[in-house]
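Working notes, structure below.
The basis for the numbers below is simple: all heavy atoms, side chains too, and nothing from hydrogens, waters or symmetry mates.
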Protein chains: 4
Amino acid sequence: MFKCDGFRRRRKAERPGEILDAAFEAFADRGFAATRLEDVAARAGVTKGTIYVYFATKEKLFEEMVRSHSAGLLADADAVFAGSEGASEDKLRALLQFFYSHIVADRRGREILRFMVAEGKHFPQLVAEHYRDFVTPMLGMVQALLEEGVKAGRFRADLNPETVRVVIAPTVFLAMNRLIHGDASPVDEQAYFAAHVELALNGLLAKPGLEAAAQSHG
Amino acid sequence: MFKCDGFRRRRKAERPGEILDAAFEAFADRGFAATRLEDVAARAGVTKGTIYVYFATKEKLFEEMVRSHSAGLLADADAVFAGSEGASEDKLRALLQFFYSHIVADRRGREILRFMVAEGKHFPQLVAEHYRDFVTPMLGMVQALLEEGVKAGRFRADLNPETVRVVIAPTVFLAMNRLIHGDASPVDEQAYFAAHVELALNGLLAKPGLEAAAQSHG
Amino acid sequence: MFKCDGFRRRRKAERPGEILDAAFEAFADRGFAATRLEDVAARAGVTKGTIYVYFATKEKLFEEMVRSHSAGLLADADAVFAGSEGASEDKLRALLQFFYSHIVADRRGREILRFMVAEGKHFPQLVAEHYRDFVTPMLGMVQALLEEGVKAGRFRADLNPETVRVVIAPTVFLAMNRLIHGDASPVDEQAYFAAHVELALNGLLAKPGLEAAAQSHG
Amino acid sequence: MFKCDGFRRRRKAERPGEILDAAFEAFADRGFAATRLEDVAARAGVTKGTIYVYFATKEKLFEEMVRSHSAGLLADADAVFAGSEGASEDKLRALLQFFYSHIVADRRGREILRFMVAEGKHFPQLVAEHYRDFVTPMLGMVQALLEEGVKAGRFRADLNPETVRVVIAPTVFLAMNRLIHGDASPVDEQAYFAAHVELALNGLLAKPGLEAAAQSHG
DNA sequence: GATGAATGAGACTTCATTCAT
DNA sequence: TATGAATGAAGTCTCATTCAT
């Protein structure tokens, strides 16, 4: 009556996850349409048929894969604030740093972005979920920070509602740059991050007498 | 001995362009792999075979399409400088405006970006050309502007070399946003543009006594 | 983990052979280029896709087919010598008889010849193999027989090295005749065989006093 | 009213012939089915459409090509007899020599043979014509020679009716050999011809006392 | 007569999906 | 549950043939 010993049972329980991981690699490599289920199967160490035990269609597999690899991307975001007790500008730097490590540096985050751009049109549900679960929280965090900074008198009071997107934009730009150029990206990411923080806080204009403040956060 | 003339000659001359346009629509709609040559043919008002009169393979068609639709995107960029005789900040605003209208608002520009993200891995040559013909000039223009501004004392002198990318980033972010969300984009683009210029010039930090200057360019 | 068994296993084991047989019929009927894989599939009682489970391309299918149908054509040739204990001329007759039944009478042998003539230019590897595995052994057998006959004083000592090919030639000629004329071949094959043996042994010239010897082997 | 000057008129008159020559090369190279009309056109220095001015279909072109290249292959055969006033064996040698030079050595003759083997099944009319215009006359010539030789007492009287084909067979064998192996043919054709004549006249059997006669014709 | 753009049927090949085992 | 042989629809590409010029 019992067919599975411990090992088998564990294998069985892990199968879907292994397939989803394999699917991530395969779809990230060639895109949805150009990826063959056989590629996914080969990467997962199973055969084509096995995929259909867990996923009804290629589309469902893709959707589940995106969901599973999106989940948890922002999981420890709250800790960022808890850890940074400093001024608003310090918190912003910490938050952007968090985004860099989870969107730019983390391959998962980057490829999810690619999926949205490349396949989003045919997976609107996925786009909606991504916006709800990922973009909105991100914007919310930055928005909260900006409002806190304004309230604290650290940030200018005349920031318009879209400022929050503009603040995040360079992060996404860098992610896209890596997506496009891979390892051959021509960007000095350390300097880029510094420039991002610098520009967000101080802008381009020369402001005599305030140089010191700007420098202190370079 | 005599080449065809009149009607036939005109058709012959126009066909490739018509096919290229149809290919743009089709590939933009479904991506490279999922697009059927028959779709392209139908859109162009020809039959499958006709495409092969002008393009050897689906790949070549795609490449030629991207090239033809990339060409000229930055054609009138120089005029931007000629037209704006004001201060560096005015010139920057004008340049960003130009980018918005050619990358964000112009569907061609946006979809080229999608092609780079979605298909770039399999068309490295195209990515290289895009970087050379499109990204590099763009960065060059902004870089020149920044240097001019620094020299004129309008911009801070401590800008690092990556600042130029950070300045442009929000433009690309907005383009990507439209690519992902289509007409359902949740961004107020007018406000976004204003926030972009505002942040680029003034940054987030409150700077008592300089409010007036910032406002004058809102 | 368990391979399919029983019915499925047997089908799996037989499929390639069935396809190869169908391919032989189809290619023999129309030639390589004019044969559609769908014809092969229909003859084999499978669908087009199934062929690709076992053979990567039409070319590979053709090559494998020729190999499988060439194999064993000369398998029982050695028995010919064992069985004929008589004089050299009797052995020659027996050997030629063997060739007639395997090259002329056996459809497989004939069509292989057609493949060499019709498709050999595009399958040089196949031609090389055919020469090595089929022609060379055939020539070797006849050559051995001739040498034996010369040594025994039955055959003339001044035979040149190409004689061996000349001896076999009428066999191939008859095969070709059937290939070209099919069932409408105008040749009386019984008489042709007799004439072949007769000419090979006695030649055309009238040799008074030796008539008896010649007749005894007609 | 007159459109063509001398040159043009001559060109026009030569067109069909040039196309037929090009067709011969193309079809000989790749076979009927695999040859593209465009290949033929390119070789002929015209365009596809031009072929259809002179030939209704690919099939008709092939047929006309075979006819035009078969014609005249045996044109000067009669001269062979006129020129050889010697004994029957000398005449046979001369006739075989003629066949070697027109079937084996002449590329036209060889490739016609290939067409018969490779495409004959789908051009039965062509096979019939080839048999009537080429094979039958050949056989007739040899037959006449054999009968003359028998009558003159030079050849054995008991030759059966198929002997004539056996006598010719080695010629065709050699042609086929060249078709299959091209320039890499492993046959020493000089020796082969000698062996052919030798065997046809003297056969394999040792005939003490007649060696001299045999040698005199080697 | 000559051209070559255009056609469209049809070829080879791929691959998501099914299902007997 | 897992397999992988089998399917067949659909894709890319070819090419004989047509026809306006």
Comparing C:Phe32 with B:Gly45, nearest DNA chain E nucleotide closer to 5' gives the residue B:Gly45

(Q) Using side-chain heavy atoms (C-beta onward) and a distance below 4.5 Å, is B:Asp21 in contact with B:Arg43? (A) no

Margin query: Determine whether a donor-acceptor pair (N or O, by modelled atom type, separation under 3.5 Å) exists between the side chain of D:Lys121 and the backbone of C:His181.
Written below: no

Taken to the nearest whole Å, CG/A:Leu37 to P/E:dT14 is 17 Å

(request) Looking at every strand, decide which applies to D:Lys48 at a 4.0 Å heavy-atom threshold: base, sugar-phosphate, or nothing. (result) base

Residue pair B:Glu38/D:Ala33 against DNA chain F: nearer the 5' end by closest nucleotide is B:Glu38

I'd like to check A:Asp39 versus A:Asp29 (side-chain heavy atoms, cut-off strictly below 4.5 Å). Are they in contact?
no

Between NZ of D:Lys58 and P of F:dT14 the distance, given in whole Å, is 15 Å

B:Ile51 CD1 to F:dG11 C1', in whole Å, measures 13 Å

note: A:Asp39, atom CG; E:dT14, atom P; distance rounded to Å ~ 13 Å

task: Give a yes/no on whether any side-chain N or O of C:Tyr54 is located under 4.0 angstrom from OP1 or OP2 of F:dA5.
output: no

Picking from F:dT12, F:dA6, F:dA16, the nucleotide nearest the side-chain atoms of D:Tyr52 would be F:dA16

Which of E:dT13, F:dA6, F:dA16 is nearest the side chain of C:Val53? It is F:dA6

Of the candidates F:dG4, E:dT7, E:dA16, the side chain of A:Thr47 sits closest to F:dG4

Rounded to whole Å, the CD1-C1' distance (A:Ile19 to F:dT1) equals 11 Å

The side-chain contact (heavy atoms from CB on, under 4.5 Å) partner of C:Val66 among C:Met116, C:Glu111, C:Glu119, C:His130 is C:Met116

Between CZ of C:Phe55 and C1' of E:dC12 the distance, given in whole Å, is 16 Å

Note: for B:Glu59 and C:Thr50 on DNA chain F, the residue whose nearest nucleotide lies more 5' is C:Thr50

Rounded to whole Å, CZ of D:Arg36 lies from C1' of F:dT17 at a distance of 15 Å

ring-ring contact (aromatic ring centres under 6.0 Å, His included) filter on A:Phe115, not counting sequence neighbours, yields A:Phe62

Is there a side-chain contact between A:Glu63 and A:Lys58 in this structure, where contact means two heavy atoms from C-beta onward sitting under 4.5 Å apart?
no

In whole angstroms, the gap separating P of E:dT17 from CG of A:Leu61 amounts to 10 Å

If one requires at least 3 consecutive Watson-Crick or G-U pairs with distances under 3.5 Å, the stems of DNA chain E turn out to be E:2-21 with F:2-21

Assess the residue pair C:His122 and C:Glu59 against the criterion (side-chain contact (heavy atoms from CB on, under 4.5 Å)); give the C-alpha distance rounded to whole Å, side-chain angles, the decisive distance to 0.1 Å, and a yes or no. CA-CA 10 Å; C:His122 292 286; C:Glu59 272 82 6; over 6 Å; no

